[in-house]
Amino acid sequence: MNSRRDFLLRSGAFTVGATVLPSFTFASENKIRGIKDIGVQLYTFRKAMGEDAMGTLKKIAALGIVEIESAGSNKGYYYGLKPKEMQKVCKDLGMTLRSGHIALDDKWEQTLDDAAEAGQEYLICSSMPSKGQTVGNYKKVAESFNKAGEESNKRGIKFGYHNHDYEFESDNGEVLYDVLMDNTQADLVHMELDLGWVVASGNDPMTYFAKYPGRFPLWHLKDMDLKKHESTEFGKGGLDIVDILNHQKESGLKYYFVEQEEYTNNPWDSMKENIEYLKRI
């Protein structure tokens, strides 16, 4: 199955400029809380969302999900619905359209307008907006992220960035993700750490929580098959889920969204398995 990174490349998200689990909201104390307020990244259900957005959202809500993060699709960021309509459908189903993955491109102003209309709290740039695995490019991108953060703040929206694995490559002895972190303002750029891609890159999320405490209010909770380099159901990959959940305070976690890009059978069965896993722990 093609990865989300491949999809983004094909769909043009690299331009210049989640079967059903939601994001758990956690209290400040450093302990695992029950799976209330579960969140899901809708890319998990990309095919179903493209075919029947409203029907799919109903099925997602029936699983007990309450936090939604949207993603780009052939029908736009709201799967053919109007931003306000997407917000209302989610609300009527007992869910919140909390965040959305977007491209920082020449449609940025419209993206901001739509997100404000949809009542989103976060806009997350889903991949590096310009090519070039160099320190210079990442510093340039950091400047554009700070600016996007300022513009988002004026609309009452928080701007952020979602990593893959390639950001953890090095240039001239500097880890590029660290360059991005060191050159973005914490109050303007809110990082969404994709835990699966961090582990797949050979790094430890806890190292980043310690180095940049409080900088990661959003997570993609995703287990990874490290041999296949693709996502898998919880407990089958290389992510220590129990340990990571016990470090939410250092992260600054507010919400996390379960995302699964590849499945053993189908996204619905995989997400039900993920939910059962979280209940057990």
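We use all heavy atoms of the structure for the numbers below, so side chains are in, but hydrogens, waters and symmetry mates are not.
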Fill in the blank from the handout: What one should report as the nearest heavy-atom pair of Gly132 and Tyr138 is O-CE1, 3.6 Å
Problem - Check: Arg46 side chain, Glu261 main-chain N or O, donor-acceptor pair, under 3.5 Å - result: yes
Problem - Main-chain N/O of Ser201 paired to Asp165 side chain as donor or acceptor, under 3.5 Å - result: no
Completion exercise
Residues at least two apart in sequence or cross-chain that pass ring pair (Phe, Tyr, Trp, His ring centres under 6.0 Å) with Tyr161, listed by chain then number, are Phe145
Practice task
Please report the shortest heavy-atom distance between Asp171 and Thr134, naming the atom on each side.
Solution key: OD2-CA, 3.4 Å
Problem - Side-chain (Lys236) to main-chain (Asp225) donor-acceptor, under 3.5 angstrom - result: no
Problem - Lys147, NZ: over 12 other non-hydrogen atoms inside 6.0 angstrom - result: no
Practice task
Verify, without hydrogens or angle tests, whether Tyr166 (side chain) and Met128 (backbone) share a donor-acceptor contact under 3.5 angstrom.
Solution key: yes
Practice task
Taking the side chain as every heavy atom from C-beta outward, state whether Glu151 and Phe159 have any pair of such atoms under 4.5 Å apart.
Solution key: no
Exercise for the section: Any chance you could measure Leu221, atom CG, to Asp194, atom CG, to the nearest 0.5 Å? Expected result: 9.5 Å
Problem - Pairwise distance CD(Gln260) to CG(Asn274) - rounded to 0.5 angstrom - result: 5.0 Å
Handout entry: SB check Glu117 Lys82 (cutoff 4.0 Å)
Key = no
Fill in the blank from the handout: For residues 196-217, the salt bridge (Lys or Arg N to Asp or Glu O under 4.0 Å) pairs (sequence neighbours left out) are Asp178-Lys211
Problem - Presence of salt bridge, Lys47 and Glu51, under 4.0 angstrom - result: yes
Exercise for the section: Could you tell me whether the side chain of Asn183 reaches within less than 4.5 Å of the side chain of Glu143, counting heavy atoms only? Expected result: no
Practice task
Test Met224 against Val199 for side chain to side chain contact (heavy atoms under 4.5 Å, CB included), laying out the working first.
Solution key: CA-CA 8 Å; Met224 293 288 284; Val199 172; 5.5 Å; no
Handout entry: Listed partners of Tyr212 passing ring pair (Phe, Tyr, Trp, His ring centres under 6.0 Å), at least two apart
Key = none
Problem - From NE2 (His190) to OH (Tyr122), nearest 0.5 Å - result: 6.5 Å
Problem - Within-4.5 Å side-chain heavy-atom neighbours: Tyr255 and Glu121 - result: yes
Problem - Heavy-atom pair of closest approach, residues Asn203 and Pro205 - result: O-CD, 3.9 Å
Problem - Gln110 side chain to Asp114 side chain, donor-acceptor N/O pair below 3.5 angstrom - result: yes
Problem - Nearest-0.5 Å distance that lies between atom CE in Met54 and atom CE in Met86 - result: 10.5 Å
Exercise for the section: Please tell me if the side chains of Lys107 and Ile102 come closer than 4.5 Å, counting only heavy atoms from C-beta onward. Expected result: no
Problem - Sub-4.5 Å side-chain heavy-atom contact between Phe234 and Ile281 - result: no
Fill in the blank from the handout: Nearest heavy-atom contact between Leu104 and Ser144 is CD2-OG, 4.1 Å
Handout entry: Residue pair Tyr177, Trp197: steps toward the ring pair (Phe, Tyr, Trp, His ring centres under 6.0 Å) verdict
Key = CA-CA 12 Å; Tyr177 190 75; Trp197 283 121; over 10 Å; no
Problem - Val175 vs Glu167 side-chain heavy atoms within contact, under 4.5 Å - result: no
Fill in the blank from the handout: To the nearest 0.5 Å, atom OG1 of Thr232 lies from atom NZ of Lys227 at 12.5 Å
Problem - Close side-chain approach of Leu42 and Tyr79, heavy atoms under 4.5 Å - result: yes
Exercise for the section: Could you tell me whether Glu276 and Lys279 have a side-chain N and a carboxylate O separated by less than 4.0 Å? Expected result: yes
Problem - Stepwise side chain to side chain contact (heavy atoms under 4.5 Å, CB included) check, Ile244 with Asp240 - result: CA-CA 6 Å; Ile244 197 74; Asp240 189 335; over 6 Å; no
Problem - Under 3.5 Å side-chain donor-acceptor pair for Asp269 and Thr264 - result: no
Handout entry: Presence of salt bridge, Lys222 and Glu262, under 4.0 angstrom
Key = no
Practice task
Verify the distance criterion only: is there a donor paired with an acceptor across the side chains of His162 and His220 at less than 3.5 Å?
Solution key: yes
Handout entry: Under 3.5 Å: donor-acceptor pair, side chain of Asp223, backbone of Gly238
Key = yes
Fill in the blank from the handout: Heavy-atom closest pair (Leu188 atom, Asn146 atom, distance to 0.1 Å) is CD1-O, 3.6 Å
Practice task
Output yes when a side-chain donor or acceptor of Thr184 lies under 3.5 Å from a complementary backbone atom of Val189, and no otherwise.
Solution key: no
Exercise for the section: Evaluate the side-chain proximity of Gln133 to Leu176: yes if any heavy-atom separation is below 4.5 Å, no if none is. Expected result: yes
Handout entry: NZ or CZ of Arg280 within 45° of Tyr277 ring axis and under 6.0 Å
Key = no
Practice task
Report the C-alpha separation of Glu69 and Glu192 in whole Å, then their side-chain angles, then the decisive distance to 0.1 Å, and conclude whether the side chain to side chain contact (heavy atoms under 4.5 Å, CB included) test is met.
Solution key: CA-CA 12 Å; Glu69 182 175 64; Glu192 178 174 66; 2.7 Å; yes
Handout entry: Salt-bridge present (Lys139, Glu174; N to O < 4.0 Å)
Key = no
Handout entry: Under the ring pair (Phe, Tyr, Trp, His ring centres under 6.0 Å) test, residues paired with Phe216 that sit two or more places apart
Key = Phe209
Practice task
Not counting sequence neighbours, list each pair that qualifies as a salt bridge (Lys or Arg N to Asp or Glu O under 4.0 Å) and has a residue in residues 83-94.
Solution key: Lys88-Asp92
Practice task
Starting at CG of Leu253, measure out to NE2 of His247 and round the result to the nearest 0.5 Å.
Solution key: 13.0 Å
Practice task
Kindly determine whether Leu112 and Lys154 satisfy side chain to side chain contact (heavy atoms under 4.5 Å, CB included), including the steps that lead there.
Solution key: CA-CA 10 Å; Leu112 279 174; Lys154 293 176 182 178; over 6 Å; no
Handout entry: Distance-only side-chain donor-acceptor flag, Glu233 / Tyr263, under 3.5 Å
Key = no
Handout entry: Contacts of type side chain to side chain donor-acceptor pair (under 3.5 Å), residue Thr96, not counting sequence neighbours
Key = none
Fill in the blank from the handout: Closest non-hydrogen atoms of Met191 and Pro217, given as atom of the first, atom of the second and distance, are O-CD, 3.3 Å
